[in-house]
Amino acid sequence: MKELDPVGRLLLIVAGSISVGVGVAGIFLPLLPTTPFLLLAAACYVRSSPRLYKWLLENRWTGQYIRDYREGRGMPRRAKAVSILVLWATLALSAYLVAQPLVRVALAAVAIGVPILILRLPTSDR
């Protein structure tokens with residue numbers, strides 16, 4: 001894999017850290033999805049900081065979510081439902097606030113495509 005420049009590495013670490021924060025909040029807040037944010041954090045960290053990636057995987061609060069996904073156990077049913085509902089609510093608000101037709105078409109594509117990807121993931125019993 002190509003080595004990142006320092007700015008790119010820093011941006012990925014910041015994005016990963018924000019995703020960890022939101023994902024951990026999702027463990028405790030019923031309407032906030034956990035797994036997608038932790039997977040995003042893992043993707044950011046694996047490209048920018050092996051130390052943070054290892055910490056995330058070995059952490060007692062976050063590691064199980066990522067291991068379940070990596071080992072094919074997928075996402076809990078509730079996490080899938082909440083992820084899709086939050087996505088649709090956010091996209092609906094965005095479409096309401098932005099009147100450009102091309103942007104609305106892009107938002108509609110995301111509103112259709114991302115839930116298909118989420119629903120195709122295996123569902124865990126957890």
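Please read these numbers as outputs of a predicted model, since none were measured by experiment. Because only heavy atoms are used, hydrogens play no part in the values below, and waters and symmetry mates are left out as well, while side chains stay in.
When all heavy atoms of L107 and A95 are compared, the closest pair comes out as CD1-N, 3.5 Å. Nearest heavy atom pair, residue R47 against residue L4, reads O-CD1, 3.3 Å. Residue T34 comes nearest to I27 through the heavy atom pair OG1-N, 3.1 Å, listed as atom of the first residue, atom of the second, then distance. Minimum heavy-atom separation, P76 to S124: N-OG, 3.2 Å.
Note on L11 and I13: separate hydrophobic clusters, where clusters join Ile, Leu, Val, Met, Phe, Trp and Tyr whose side-chain heavy atoms are under 4.5 Å apart, directly or indirectly.
Checked by atom type and distance alone, the side chain of T62 pairs as donor or acceptor with a backbone atom of L56 at under 3.5 Å. Of the possible polar contacts, none joining the S49 side chain to the Y45 backbone as a donor-acceptor pair under 3.5 Å is found.
Looking at residues two or more places apart in sequence or on another chain, you find no side-chain hydrogen bond (donor to acceptor under 3.5 Å, both in side chains) involving Y69. When the side-chain hydrogen bond (donor to acceptor under 3.5 Å, both in side chains) test is applied to R67, the partners found at least two apart in sequence or on another chain are Q64. Under the ring-ring contact (aromatic ring centres under 6.0 Å, His included) criterion, W61 pairs with F28, not counting sequence neighbours. With sequence neighbours excluded, no residue forms a side-chain hydrogen bond (donor to acceptor under 3.5 Å, both in side chains) with Q100.
In the hydrophobic clustering, I112 connects to I116, either directly or through intervening members, whenever side-chain heavy atoms lie under 4.5 Å apart. Cluster partners of L40 are absent, since no Ile, Leu, Val, Met, Phe, Trp or Tyr has side-chain heavy atoms less than 4.5 Å from it.
At a threshold of 4.5 Å between non-hydrogen side-chain atoms, the residues V24 and V20 count as touching.
Side-chain contact annotation: Y53 with S48, donor-acceptor N/O pair under 3.5 Å absent.
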